[in-house]
Structure formats: C-alpha cells, structure tokens
2 protein chains.
Amino acid sequence: MSKRKSGATIADVARLAGVSTATAGRVLGDYGYSSGEKREKVLAAAKSLGYRPNLLARSLITGRTRTIGVVAGDIQSPFYASILRGISDVAERHGIGLIITNSDENLDHEVRSVQLLLEKQVDGMILSPCRPDGGEHLNSALALGIPIVQIDRQVTDLEADFVGVDNRAGAREAIARLLHLGHRRIGMIGELEHPEWTIADFVAQTAAGHMASEALFPSWQRLHGYIEAHMEAGLAVDPLLVRQAGSYSAEAAERQIQILLSAERPTAIFTADGLMTAGTMAALGAARISIPAELSIICFDDLDWMGFTQPGIDAVVQPRGAMGEAAAQLLLDRIGGKSEPARRIILGTRIISRGSVVALG
Amino acid sequence: MSKRKSGATIADVARLAGVSTATAGRVLGDYGYSSGEKREKVLAAAKSLGYRPNLLARSLITGRTRTIGVVAGDIQSPFYASILRGISDVAERHGIGLIITNSDENLDHEVRSVQLLLEKQVDGMILSPCRPDGGEHLNSALALGIPIVQIDRQVTDLEADFVGVDNRAGAREAIARLLHLGHRRIGMIGELEHPEWTIADFVAQTAAGHMASEALFPSWQRLHGYIEAHMEAGLAVDPLLVRQAGSYSAEAAERQIQILLSAERPTAIFTADGLMTAGTMAALGAARISIPAELSIICFDDLDWMGFTQPGIDAVVQPRGAMGEAAAQLLLDRIGGKSEPARRIILGTRIISRGSVVALG
DNA sequence: CTGAAAGCGCTTACAG
DNA sequence: CTGAAAGCGCTTACAG
C-alpha cells in the first residue's frame, strides 16, 4: 500500500511566498480579502510548486463536498444512461462531482448505496427508489439534512422532490390511437409487480374509479392509461391481455409474450418499458410474426434502434435527458438552501409514428 | 446555504461510552486493539447515537479515499455504459466509490475532468484518452503517484496499464468472411481521424508492411485488419471504399455512407463502431436498401437491437463488461501497491452471425 | 489494551 | 488587508 506522494500544501505555498497560511488560503481559495501584491506572490508560489487544492480538507471544514450521489437501477440500461447523462451535464456545469451506484432494483443494494453515499458526505442524492414502501433509509438521510430527489419512481409519503413523466397520459394516448384504428384486443406487457393487488384487482378498481395513481410506480400508471383509454372508448378491459413480467427482465417479458401469442392472439401490443420491448421483440422475431401485417406494436420509451428496424417502431418518447437535468437542478436548488415543500415535476411525453401500427382489417 | 446538521462524531461516541476518542476510533474503524468490554460499550454508544463515520476525515489522514475516477467518452453510449457497469461491479464488490465524468472526446474536457478527479483525491483513474498525443495531464497524475488505467484507447508512450480488444484480429476475421463469400468491394466506415496521415497513406504504408499498429486508436487498428484480410486474399485495397467519418458521429457516418452508395456501390459494408453502425443503418434505411439482398453488413461492436431487426445484424462482439472489470482490477492492484511495468491486456473478440451477410450471388 | 497529544490540509472567526 | 490560533473528524505513533 504505497501512500501517495503528497503534493504541495497551502503551508508550502505560504512559506515560499512569505505569507501566512491564512493569506495563502484566502488567495488560493478565493475567499476573504487579499492585496494585489501578496496575491501575486502567492499565485506565483502556487504555480511554481504545482499546487493543487485538497478538496477533502476543504470539505471537512465547510461541511459540503460539492459532490452528489446517484443511485440508478442499472447504469447500463439506455434509460438510466440517458438520465445520468442529463444529471452529469448539469453537475459538470456547476463543477459538481458525481458518484454513481446501481441498485439493480434490490432494496438491500439501494440501502447500502445510500449508506456509502452518506459516508462519503455527498451534498445530496438523486435516486430511483426500487420500492414504493420501505423508505426508512431515505427518511434518515433527509433527517440528516441531505436532500433527495426521486426520479421516475417515488416512495409513498416521502417528503422529497420528484421528477417523472406523465405515464398515464402517454399510455392513454398510445392506446387511444390503437383503439381508433380498430384494434380491440390490445395486449400489454409491463413489470406490474405489487404486494397488495393483482392486475385483475387493479383493473376492476380502476374501472370503478377507485384508484388514485399519482404515487403509483410507472408500469401501473401506464396500465391506468391503458384502462382509461378503453373506458373512454366505452370498451371493457380483458385482464388476460395484460401480462405481468414481475420484474424488469426482458426474458420474463419474452415468456409472457409467448403466452399471449399462444392463446387467442391480440392484434396489437403495448410494451411498458425498454426491457419489456426487448423481450417482446425477441418473442415476435422467434415466432416469425410480421410487424405490422400480423401485429401492431407501440412501445413506452423510445430507443435508438427503433428507427433502424423495418418497419420502424412507434414509441411514446420520454425526455430522459431532461428528466436528469431537472432532477439535478432541483437538487442543486435544495443544496443551495431552498426549503419550500417537496415539488413534483411531471414532464410530458409525445408519440412518434414509424410504421409499426396500422389500422385493423 | 444551510450547513448540514452534523451527525454524531467519534468524540460523541467516546464520551457516551466513557472511553477516549482513540479507543472509540479503534473500535469503530476496526484498527488496533480493543478489549471486549470497551468494544461493547463503544458499539452500543455508536448505535444509540446513530454514528456514521465521516470518510472525508479518515481519508485526509490515510491519504486514500477508496474512490476511483472514470473519464468516459460519453456515459450515454452503450459502449461506455457497459464498460462502466463492469468497472462499477468490481468497485462495488470492494466497497470502492466511483466518480464518473465525460470527456465528449474533447481534450479540454478530459484535462478538466482529470483535474477535478485529482482534487477530489481519487486513489486512481480509468480513462479512455481522447487523443494519442498530449498526455501531459496524465503524466503529471502518474508523477503524483495516482495510477491510471487506459481503456480501449491509449496515449502513445504513456507508462500506464491498458485494457483493450484485439481490434486488428476482429476486423480481419470479419473481412475475411466477406471475402470468402465472394465480396470484392467491401466498404468500411470509421472515425479514422489522424493528424499525421490520410487513409490512402495508411493503406499504402500498411500494404508495404511499414505500420506498427499496437498503439493505434481502434478505428485504425480495425482498418489494419481490413487491409490485412485483403492482403491475405491477395487482393488490393481501394482506398475510396474506406470512408472517414472524422469523429464519433452517427450523422457524419451517415453522410459518408451516402457518398459510398452514390458511386459504384460496394456489395458489403463493415462498420467500425456503434455510432458508425447507427449512421450506416440510417442511411441504408433512407435509401431503402435491403439487407442482405442488396448489401451485406457486419459491424464492430454488438448492440442489443441487432438481434431484433429482420434480418439480425452480424457483429464482432467485444466483451465490454469484461473490459471494465479487467481495468478496475488492474487499477485496484496498482492502488494496492503493485509496481511492475505497465501491463497491456488485450481481450479477444468473436463474431456472431445473424443473417446480414450472404454470399455474393 | 488504553489514553493524551499531535496532526492530516484546509477555513474561520478574531485581533490588530 | 494580514496573521496567530483554533478546529473540522478522524488516525497514528508514543507512553504507560
């Protein structure tokens, strides 16, 4: 374990410049007063010694690290990668460092990540919580005065800012299009995991007007949009057409789509996120089902390859980069001292048509 | 600027436990000796106060932060996202934090990123240098005792570890396949930017056996493989078939492919990286060129959607996650004190066939 | 095994 | 405007 060669310190610079460490610090740290003369000397000394500040020492005193932490589900997925890029752009612009971790959608991992970020003394955190309940670790971070911004998903009753998209409206619009084109059997595949209810429960309760969807996780809000579109068209929802992958897994989605294709086949499919889309495309390819002749498809979340396939794939576009930027901006505001009540920023979606959806018959 | 509520410190714990801060530190930091009795007391006190160590303070003393920095080209690209995931997995396993920045393939950004990482006192860095020359910032980091591992690309003559893939062999194999199937006009698109030579120069020099490619950037090594395959087949290379995008830009690639298609058309195309592939697919789609009937295609770097398209797209697979893991492991070894000469780890590639390459009719 | 003291590299009141 | 001194929260020799 070779200990690092320590570079020049403020004391070294002060000695060479013939001033006190306080003065050297004021010049180098750009705080407090300093006369032009001493200033020059200090700067020259610093340059000749190749002085580089040790931000750790500064942070220990100021109590702020100018570092924020991010807990993503999986940095490798295009969804989180784009969000991270948005966060990173804002952070970089402000000279803020970024520590990134993955939760892999596992609460234990998430708790450990938050713990690590706290010990590293981040000034704030952005995370996509993996469960709507069990936010004690987040509450205790907030109690410590560390602001949190939630992205895409939110913990029920957590007093923390949130940035997401209008999942319900996006899905409703996508399904309304399909219905308008004559589709009546529209399959849907989503994560759709919940400790308290099944898909059939949810469909029944929603149709009866008993579900409030503001705090639901995205796949449920998208299902809500799916149901709403049917209701607006005066059509009943067949719960068997709505498939639950149970996790963010393309393989699980593929299996569910195979089930969907084996029975009385739908004429269109709506996928609730990128991984569901991947699993669906794999299943359709394997079954040699031709799009859109045999099946129309529209997907939530636009992925780069959707413009390459023949035909292109229709998608509900989420502004992923903007989500990350908004979350970072919200967090910087909090770190800067803003103390208003938790804010919720809901960004809009838009649909892009590329030819994977056609009128029935 | 609300200063964070400071949590319990070692002094608080020591006071409550009725021991010295030294003893409390030894128990909580798990270093030095401590009797069972005091140990219990300290642990109990820490628990009741909700003590969380301040890693900044520890790092200031030990000189190590247990944090590594990464300078990626663009965390949003699947290439870097996968590499980052590999790095992250290893780091997490060792309880090491990860600070991530983007260079956007811009030397100024890269220099600034390295500067930030150094000030944040990372124990080491992994980066994909954006230029083969101009590595002063990297040399000065090394001089400070901060180990660096280069990934995918390397600076000429920098005494730092490197992890990459066998670009030359991968490309040679891909091109050899095409040649074997009767293709004679094989287009290639790559970044292929170099301050000192043009593509025609490179082709001529390489054919004459005058190029050493160990230190070249990937697109040139891939071109080297392209040339080699032709040489092995006793065929001349037409430099006009090799197109230079000039930057990692899908749009630039798209324009070059349009040029390639407008003249005497090649029967196959080899793309040198994911962005080149994206641009190429866009150009082919717009020109309504059917794969593989009118044109065969094989791409360096396997992307998730290549299995979804009809037909699937043949690719040279790089073990991106493994590259990241290897780089992280190399770096951890260096941080742990290994001082042997710089190592070069070159991982193999393999080709996956999906139907986008056919024999020339 | 334990404690008193010094110190990591900075910033921050406080006098002057 | 400048300097001497204290201190951020830890760890590290050094006595005992």
Side-chain angles (χ1 to χ4, degrees), chain A residues 1 3-43 45-46 49-67 118-121 123 144-145, chain B residues 1 3-43 45-46 49-67 118-121 123 144-145:
Chain A
M1 306 284 280
K3 205 164 157 182
R4 150 178 332 141
K5 296 181 193 85
S6 50
T9 69
I10 276 205
D12 298 327
V13 174
R15 203 173 307 123
L16 181 61
V19 302
S20 70
T21 59
T23 297
R26 279 189 277 258
V27 173
L28 298 171
D30 211 30
Y31 52 87
Y33 309 94
S34 56
S35 68
E37 185 201 4
K38 304 239 168 191
R39 190 178 176 72
E40 295 304 312
K41 276 192 193 160
V42 170
L43 258 18
L49 291 175
Y51 172 76
R52 217 187 301 265
N54 182 333
L55 264 29
L56 253 40
R58 177 179 295 172
S59 295
L60 190 56
I61 297 169
T62 62
R64 346 194 83 235
T65 52
R66 297 186 64 75
T67 300
L118 252 28
E119 294 186 350
K120 291 220 180 268
Q121 312 294 126
D123 292 338
L144 248 48
Chain B
M1 307 284 281
K3 205 163 158 181
R4 147 180 335 142
K5 297 182 193 82
S6 49
T9 69
I10 276 205
D12 299 327
V13 174
R15 202 173 306 123
L16 182 62
V19 301
S20 69
T21 60
T23 297
R26 278 188 277 258
V27 172
L28 298 171
D30 211 30
Y31 53 86
Y33 310 95
S34 57
S35 67
E37 186 200 3
K38 305 240 166 190
R39 190 178 176 72
E40 295 303 313
K41 276 192 192 160
V42 170
L43 258 17
L49 291 175
Y51 172 76
R52 217 186 301 265
N54 181 333
L55 263 29
L56 253 41
R58 177 180 296 174
S59 295
L60 191 54
I61 298 169
T62 61
R64 346 196 81 236
T65 51
R66 297 186 65 74
T67 300
L118 252 28
E119 294 186 349
K120 292 219 179 268
Q121 312 294 127
D123 292 338
L144 249 47

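Nothing here was measured: the structure is a model prediction, and the numbers come from that model. Chain A is the first sequence line, chain B the second, and so forth, proteins listed ahead of strands; every chain is numbered from 1.
Atom CZ in R15(A) sits about 16 Å away from atom C1' in dG3(D), given to the nearest Å. Rounded to an integer number of Å, the gap from CZ of R64(A) to C1' of dC10(C) is 17 Å. Taking atom CD1 of I61(A) as the reference point, atom C1' of dA5(D) lies 13 Å away to the nearest angstrom. Atom CG of L28(A) is separated from atom P of dT2(D) by 13 Å (rounded to the nearest Å). Between the NZ atom of K120(A) and the P atom of dC10(D) there is a distance of 14 Å, rounded to whole Å. dC1(C) atom P lies 16 Å from atom NZ of K41(B), rounded to whole Å. Atom-to-atom, CZ of R26(A) to P of dG3(D) comes out at 8 Å; the value is rounded to the nearest Å. Following rounding to the nearest Å, I10(B) (CD1) and dA4(C) (P) show an atom-to-atom distance of 15 Å.
For the OP1/OP2 pair of dT11(C) and a distance below 4.0 Å, the side-chain nitrogens and oxygens of Y31(A) include at least one atom meeting the criterion. When the side-chain nitrogen and oxygen atoms of S20(A) are compared with OP1 and OP2 of dA4(D), none of them lie within a distance under 4.0 Å. The shortest distance between the side-chain N/O atoms of Y33(A) and the OP1/OP2 oxygens of dT12(C) is not below 4.0 Å. Within the structure, every side-chain polar atom (N or O) of T23(B) is placed at least 4.0 Å from both OP1 and OP2 of dT2(C).
Comparing dT11(C), dG9(D), dG3(C) by their closest approach to the side chain of V19(B) singles out dG3(C). Closest to the side chain of L60(B), from the set dC10(D), dG9(C), dG3(C), is dG9(C). The side chain of T62(B) approaches dT11(D) more closely than any other nucleotide in the set dG9(D), dT11(D), dT2(C). Looking at the side chain of N54(B), the nearest of the listed nucleotides dT11(D), dG9(D), dC10(C) is dG9(D). Comparing dC10(C), dT11(D), dG3(C) against the side chain of R58(A) picks out dC10(C) as the nearest.
Listed here is the closest heavy atom pair of R58(B) and G29(B): NH2-CA, 3.8 Å. Across K120(A) and T65(A), no two heavy atoms sit closer than the pair O-CG2, 4.1 Å. Closest approach of L60(A) and L60(B) over heavy atoms only: CD2-CD2, 3.6 Å. Shown here for D30(A) and R39(A), the closest heavy-atom pair between the two residues is OD1-NH2, 3.9 Å.
In this structure dC1(C) sits in a base pair with dG16(D), meeting the Watson-Crick or G-U test at under 3.5 Å.
In Y31(B), the OH atom is crowded: over 12 heavy atoms of neighbouring residues, nucleotides or ligands sit closer than 6.0 Å.
Comparing E37(B) and L55(A) by the nucleotide of DNA chain C whose heavy atom lies nearest to each, the residue mapping closer to the 5' end is E37(B). Mapping S35(A) and T21(A) onto DNA chain D by nearest heavy atom places S35(A) closer to the 5' end of the strand.
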